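Heads up: the structure comes next, in structure tokens.
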Amino acid sequence: MRRTRVRRWSAPPTQTQVRAATAPSAEARAERVPLSTPHLDPSAWTYVKECLDTGWVSTVGRFVHRFEESLEQYTGATSVVATSCGTSALHLAMLACDIGPGDVVLVPALSFVATVNAVRYVGAEPWFVDVDPDTWNVSADTLAAALRRARRRGRRPKAALVTHLYGVPVDMEPVVDLCAREDMVLVEDAAESLGSTLHGRHTGTFGRAAALSFNGNKIITTGGGGALLSMDPAVASRARHLSTQARVGVRGYQHDEVGYNYRMPNLNAALGVSQLESLPALRARRREIQHHYAEALGRWPGLVAQRAPAGSEVNAWLQAVRVTSSSALDRDGLLEALDAAGIEARPVFDPLHKLPMFRGFGGRCPVAEEISAQGINLPNAPDADEWRVVEALDRLVG
Ligand SMILES: *Cc1c(COP(=O)(O)O)cnc(C)c1O
């Protein structure tokens, strides 16, 4: 999951190389099938070169602004702040929503560790929420159950931080209603779900703030980077202020609170502008791969795919399946056999409430534990040859 391989070109790519990047060559097919790799289009060279030619390589420059505007246009978010990574965007989201020491925050038990780390950065306490067995995400039901449990223990959660896991949107409308009714701030970890929508509305635009990630393994990359999204310009402007060392004025060194150095450099934003231009094609290709898996899934007894809620369109960032007890191989056996066949599959995240630094916090999450023990991610990279994966699964569990 966290490993990335970048296609290396010493000079701008030729047309043949560009074609090779979109359609796997015979040599590529003989290689391992990668889980998730960055896909770079020729405009990446043009934009990054412009930064190098003009010297605008750091946090000031036209690409940062252009990247933020393009993200606003694409997602429909009112305000976007480009950041150094997805984790810093999550930290800023916590700060800009006034979540602080002693506050209790509902967090999914099944997510990447950065989700819950951000809660701890501001001194707040996670309360772990179980997930739905079909979508693998928290739902209004699992959030309400966790809320009741927390209150019985005398805790009053101030916020809910929800992750759209592997690009599958949380069923947000009932969650938005629940948070409004219970007076909880809603924050979205949309690090994996850029390009996923619910009834036409983009993930990351439902809560008070949201975080995106552009790490090398995500659907688009800036090398390293992230963004904070908000529909509230005041929240975004507070995040922007904190991300630039809380500096006031343009000259001199005046600062009005403890800030952070969390802005995205221009060099990374240049790559981001190119990647955003490619996003519709990358999303379409990932959806095509997922469609090919969905067609074959009926031939693999015991494998059950993560399901998207009604009315959603997924970005198909990663294909996730459960290996249940009726499968010919168990989860770890299947991972080993895929590895031997040159296919890079990975187990899904460990449940966060079982990690040593989070064991003392509240929440009961048996479904997350079961999914974590049974789940795998299959290759979904645009350059991957999904037919090799289909052939291998036909042979192993068909
Ligand atoms: C990748 C990821 C992050 C963190 O993003 P970085 O850019 O690596 O800091 C946070 N949450 C989730 C769910 C992620 O997948």
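Reckoned from all heavy atoms, side chains included, excluding hydrogens, waters and symmetry mates. Whatever order the structure lists ligands and atoms in, that order sets their numbers, starting from 1. Position 1 is the first residue of the sequence, and the numbers go up from there. Because the structure is a prediction, the values reported are computed rather than measured.
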Could you tell me which atoms of ligand 1, counted from 1 in the order shown, lie closer than 4.0 angstrom to a heavy atom of [X]?
{"X": "Phe112", "result": "2 (C), 3 (C), 10 (C), 12 (C), 13 (C), 14 (C), 15 (O)"}
{"X": "Gly225", "result": "7 (O)"}
{"X": "Ala191", "result": "2 (C), 3 (C), 10 (C), 11 (N), 12 (C), 14 (C)"}
{"X": "Ala114", "result": "4 (C), 10 (C)"}

Are any of the N/O atoms on [X], whether in the backbone or the side chain, positioned under 3.5 angstrom from an N/O atom of ligand 1?
{"X": "Gly86", "result": "yes"}
{"X": "Trp317", "result": "no"}
{"X": "Thr163", "result": "no"}
{"X": "Ser111", "result": "no"}

**Side-chain (Thr87) to main-chain (Ala114) donor-acceptor, under 3.5 angstrom** = no
**Item:** Any donor-acceptor N/O pair, Gln306 side chain to Leu165 backbone, under 3.5 Å
**Value:** yes
**Request:** Indicate whether any N or O donor in one side chain lies under 3.5 Å from an N or O acceptor in the other, for Ser139 and Asp132.
**Result:** no
**Message:** Tell me whether the NZ or CZ atom of Arg66 lies within the 45° cone about the ring axis of Tyr47 and under 6.0 Å from its centre.
**Reply:** yes
**Request:** Answer with yes or no after comparing the ring centroid distance for Phe349 and Tyr166 against a 6.0 Å cut-off, counting only values under it.
**Result:** yes
**Item:** Centroid separation Tyr260 to Tyr121 less than 6.0 Å
**Value:** no
**Message:** Is the contact between Thr87 and ligand 1 made by the side chain, the backbone, both, or neither, using heavy atoms and a 4.0 Å cut-off?
**Reply:** both
**Prompt:** Measuring from the heavy atoms of Ala89, does anything fall under 4.0 Å of ligand 1?
**Reply:** no
**Thr203, Asp177, Asn137, Val162 screened by side-chain contact (heavy atoms from CB on, under 4.5 Å) with Met172, the one that passes** = Val162
